[in-house]
Every structure is written in structure tokens, then in C-alpha cells.
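Computed from a predicted structure; not experimentally measured. Every chain is numbered from 1 and lettered A, B, ... according to where its sequence line falls, protein lines coming before strand lines.
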There are 2 protein chains.
Amino acid sequence: MPATRPPKSLPVSAAGLPESMAGEAAERGLAFAPLYRQVKARIVASLQSCEWRPGELIPSEMELAARLGVSQGTVRKAVDELAAENLLVRRQGRGTFVATHAEQRQQYRFLRLMADEGGVPLLERELLECRRLRAPGWVAKALQLRSGDGVIEIRRLLREVPGAEQERGAGTPVVLDDIWLPGALFKGLNTEMLMAHKGPFYGLLETRFGVQMIRAQERIRAVAADEETAALLLQPQGVPLLSVERLSYTYADKPVELRRGFYSTARHFYRNELN
Amino acid sequence: MPATRPPKSLPVSAAGLPESMAGEAAERGLAFAPLYRQVKARIVASLQSCEWRPGELIPSEMELAARLGVSQGTVRKAVDELAAENLLVRRQGRGTFVATHAEQRQQYRFLRLMADEGGVPLLERELLECRRLRAPGWVAKALQLRSGDGVIEIRRLLREVPGAEQERGAGTPVVLDDIWLPGALFKGLNTEMLMAHKGPFYGLLETRFGVQMIRAQERIRAVAADEETAALLLQPQGVPLLSVERLSYTYADKPVELRRGFYSTARHFYRNELN
DNA sequence: TAGTGGTCTAGACCACATG
DNA sequence: ATGTGGTCTAGACCACTAC
């Protein structure tokens, strides 16, 4: 491609991106963006359309470069950024994989809870509730639904699994989660499915519903436990709890999960790194 | 440098890195690290020795490449990573600058507090205390001091500046900070200096003491306000507060500040992004 | 106009994982 | 032995900033 150069741009053909500017807002002006950004967008489009699924190997840099008509270095820069955003995972000698919440043994990717002693806590889930209802106003607003649209409400309790030392039955309750999902996106989701599923919750959404959680933002406050919450966490009413509100997004900045967790921070804390 | 290649390594001369492996642990095995990592280490060394100070322009990529005997691309990768770590700031057409807490108008780099309405809150400081004392055990441990070493203890209150709409004197107290600093590092720091200083606290440590805060880790809990804290924040005793413990590091992973903030989260929250 | 970082290319070799 | 990502180079042109 050293001959003509001027407004360098990917051929809009192979993967079927619309040429019209009237498409999605996300594509606006992308034709004038740097080549590697266009490559990035093409890769993300392939991820979004599940051409490559979570955990799978994507084509090599050389192959992508050939397919898209750019140099390997340009693909590399695009993939580097996507790996930095945790959409892809590079493994030297093996290839580049689609990130997944399903298999990774490093526990929950979005959970920042740590134990005062012993680092990352081992948690077990107890499902307390799973029902469908009309979205309350604030839930609808957060999930960008129409007020009254159907949502799934899930309540669950996370207990810390007792260490090898002691083993007195069930662990100590640490987190109470309330989760709201758009009903339209998760049609078959119900109590049985949740009970049957082992592994991360986001892994279930990924493998069964094709919805991948890409990023999230959290709002953290300190609140006093109400009677019901306190009882479930085996704490006195009014005890200070961390309230963690999370809005999770999938591709194209689409919010697909609202969650509010109450964290008992007597023997745990929320870890954050700043730079 | 296309002639000899085998164990490619920077000449250990120009900036005076010791050849002996018996040096600091941070340099261990660096001779076998990729070239761009050695370049990174050299740049960090120059930052640490204040060869280039916060806010200043560092040499261009071409110049660094020539000086270090590597290609521009290698310098670029090193600088890219340092920019991603917020040690450097790139500005197209102008050059690359040393990051600083002093000037940046984007307020406090490490403060994750947001207002429910109006986004980033405007805060004013009130200094409540500044004294020297022997380090309590837990402070000494966190700052890696000997128990009994001298530390500076600072207490301050952050108030939200009232918006243009209303202007009823002082703002609402939002944060109570207790700060501990190693006395040996901040010899002349006292009440007068703190009172006289305008701008970010970390900016003062930077310009007056040459200590740059590079990264930090925070541990967040929910606690009940004790009598004194509650009074200062104009809240009832026992109100739930966010306890934010921060340990800040300068170069070479050296901890140089311990801080515990109590955040009133009635009309504010702690923001975090996950990915 | 000159200098800087930003993008893009082409090609080489290395380190690692796999069959 | 093959193929992958990881590193390094050299050189080109673009976009932005400053003088």
C-alpha cells in the first residue's frame, strides 16, 4: 500500500461496515480516525457479533493484517490497546484470546473485596431471590429502559468460605447483592439456571446469553444497615456498611446490569489502586 | 547498532548506573530485560534524581534515542509506558513533560470523591493541626520506619465550596483527613508553610521537598463516626462514614505518606472505574 | 519554518508454546 | 519444526505547536 496514500482508510467491504455516515453515533467520523483505530473498531465489531467468542483464539496478527490490508505493526497497536482495556488477552507463543469472565481462575474480575488477613477471600454464593418485575424508575433510568419495562431482580448472599483451620458449617456473610438485569436481554434466566450454575455470575451471562461485561463504574458510600439487610449479614441493625452501586456495560457503552452490594467491612475492605 | 547484537544492553556509563548486581533489588536482572525496559529504568532514574523536575520538558525522543544509543521506536515504547503510568505527560507538537501534582487544573489527581449533583466538587482546606511526634507502631509499619522515628501528623478538613447560587459563609464539611509523613523527609514542614501554601498538598511536597507521589493504594471501609469526628463533620455521632486509608509511594516503591480520610457520603460518593 | 510527538510501514530476530 | 506474540530497527509522512 505504498502507492496512493492521501486519506488512508480501511476498505469498507470485507466485514460489512456501512459506508453511510448516518449509521450509529459510535462510527461517526471513524473514517478520518487513525488506521489503527479503524482496525480496533473492526476487531471490536467482530467481538460484538460473536465472530470470536469469549475464551476463543482470534486470528494472528499477520492474518488480521493481511485480511485488513494493513501492516502487522498497525494491527499490533490496535490489539495492544484492546489488551490494555482487557477485551483481549495476549499469550506469547500461543496467540491472542477473547477475554472472558467464565474461566479465569483469578476469581471475579470486578470484585475489589479483600480480607484483612489472607488476601483475596474465597466466597460462596447463596441465591435468595430471583424474580421478574416492572423496572422501578431509578433502575429503568440507569439501564436506559422505558419505565415499566421488565427487569430481572436477583438477590444473593456471599459468604466467606472458612479456612482450612476451622470448618464450622457455613461461612460468614460478607456481601449482600441486589442485581437488576434488562428482562429482554436475558429471556430464559431463572432460579433453576442460577442454582445449577457453577462459576462466576458474569460467566453465565456470557455463555448462556452472549452478553459480555466489558467495564463498569461504581459509586461507593457508607450507609447504616436497615433491619432486613442487617439480619441477612448477621449484623446488628444500623451497623455501617459499604454501599457499592455498580453499573456494568457491554459493547457500545450499553449498560446491561445494575447492582447494589452491601459489604460488611468488619474484617474486609475495598481495595483500590491509584496512579 | 546493527553490527554486534547478542546480549543487547545499554552501555552502563552515561548516567552512572552501577554495574554490580549487588546494588538495589530494583535493578536486579535488569541487564537481561528488554531494551525498552532498560530505557524506562534510565528515564525513571533521571526523574528520581530530579535531572528533570515535575512540570519540565524532557528531551525529545530523537535526543534520548541518540543519547542512549537505541532507536526512536524503542524510546517511544518506554515513554509510552511511562505516560500510561502517569509519570510522564505527552503533548503533541510540544514535547514530553514530567507529570506534576502542582499545576494540573484537573484538581487532585488521587481524589475520587464526587458530588451527587455537579460532578467534581470544589473543595477548600482548613488546617486543624500539624505537629511532630514519635511514630505510633502502625504508622511506622506502614511507612517502613523504625518504631519511634519522628513523623509529622497533619489534620485537615475539606469543605465543599458553596455554588454560585448560595453563599452562606463556609462550605459543608465533607472530608476529615489525618496525614502522617516521615519527619526525616520533610524537615522544614510546619503549620506556617501549610497555611501559606495554595494549591494541591502534593504539589507542596513536590516543589518544596522534591518528593513526588507516583501511585497509591487505598483501603476503603464503612465505619461509625466517633464523637470527635462527627463534631468536626457536623454530623451526629455514629453516622456511617467512608474510611479511606491511603498509602502513597514515590519512586522505587518507597512509601512516603500514610493518610486516613473520613468521607461524609450523604451527598457525595467515591467513584471507581472497573475494566 | 522547524521541531515535536503521532502514525504507518517493512523487515529482522528473539522467546515461547506446541506438535 | 512451525507459528505465535515480543522486541528492535530504520525510515517515511502527518498533525500540531511555536516562533
Between C1' on D:dC8 and CZ on B:Arg37, what's the gap in Å once rounded to a whole number? 15 Å

Judged by each residue's nearest nucleotide on DNA chain C, which is more toward the 5′ side, A:Gly93 or A:Val75? A:Val75

Using a heavy-atom cut-off of under 4.0 Å over every strand shown, decide if A:Arg91 touches base, sugar-phosphate, or nothing. sugar-phosphate

Would you find a donor on one side and an acceptor on the other, under 3.5 Å apart, between the side chain of A:Glu56 and the backbone of A:Arg53? yes

Is the shortest side-chain N/O distance from B:Ser60 to OP1 or OP2 of C:dT4 below 4.0 Å? yes

Any donor-acceptor pair under 3.5 Å linking the side chain of A:Glu218 with the backbone of B:Leu274? no

Tell me: CZ of A:Arg76 to C1' of C:dA12, nearest whole Å? 14 Å

Assess the residue pair A:Asn275 and A:Glu273 against the criterion (side-chain contact (heavy atoms from CB on, under 4.5 Å)); give the C-alpha distance rounded to whole Å, side-chain angles, the decisive distance to 0.1 Å, and a yes or no. CA-CA 7 Å; A:Asn275 51 33; A:Glu273 311 281 333; 5.7 Å; no

Among D:dC16, D:dC8, C:dT7, the nucleotide that comes nearest once only the side chain of A:Tyr36 is considered: C:dT7

Using a cut-off of strictly less than 4.0 Å, decide whether A:Thr74 has a side-chain nitrogen or oxygen near OP1 or OP2 of C:dT9. yes

Write down the distance between CD (B:Gln72) and P (C:dG3), rounded to a whole number of angstrom. 14 Å

Would you say D:dT4 has OP1 or OP2 under 4.0 Å from some side-chain N or O of A:Thr96? no

Taking B:Met213's backbone N and O only, do any of them form a donor-acceptor pair with B:His101's side chain (distance below 3.5 Å, no angle check)? yes

If I take atom CD in residue B:Gln92 and atom C1' in nucleotide D:dC16, what distance separates them, rounded to the nearest angstrom? 5 Å

Rounded off to whole Å, could you give me the CE-to-P distance for the A:Met62 and C:dA10 pair? 11 Å

Which nucleotide in the set D:dT9, C:dG5, D:dC8 lies at the smallest distance from any side-chain heavy atom of B:Val70? D:dT9

Is any side-chain N or O of B:Arg94 closer than 4.0 Å to OP1 or OP2 of D:dA18? yes

Report the distance from atom CG of B:Asp80 to atom C1' of D:dG6, rounded to the nearest whole Å. 15 Å

Using a cut-off of less than 4.0 Å, is there contact between a side-chain N or O of B:Lys77 and OP1 or OP2 of D:dT7? yes

Using a 3.5 Å distance criterion without hydrogens, assess whether the side chain of A:Arg208 forms a donor-acceptor pair with backbone atoms of A:Met193. no

When you measure from the side chain of A:Ser71, which nucleotide among D:dG5, C:dG6, C:dA10 comes out closest? C:dA10

Separation of atom CD1 in A:Ile58 from atom C1' in D:dG3, rounded to whole Å: 15 Å

Starting at CZ of B:Phe32 and ending at C1' of C:dC14, how long is that distance when rounded to a whole Å? 16 Å

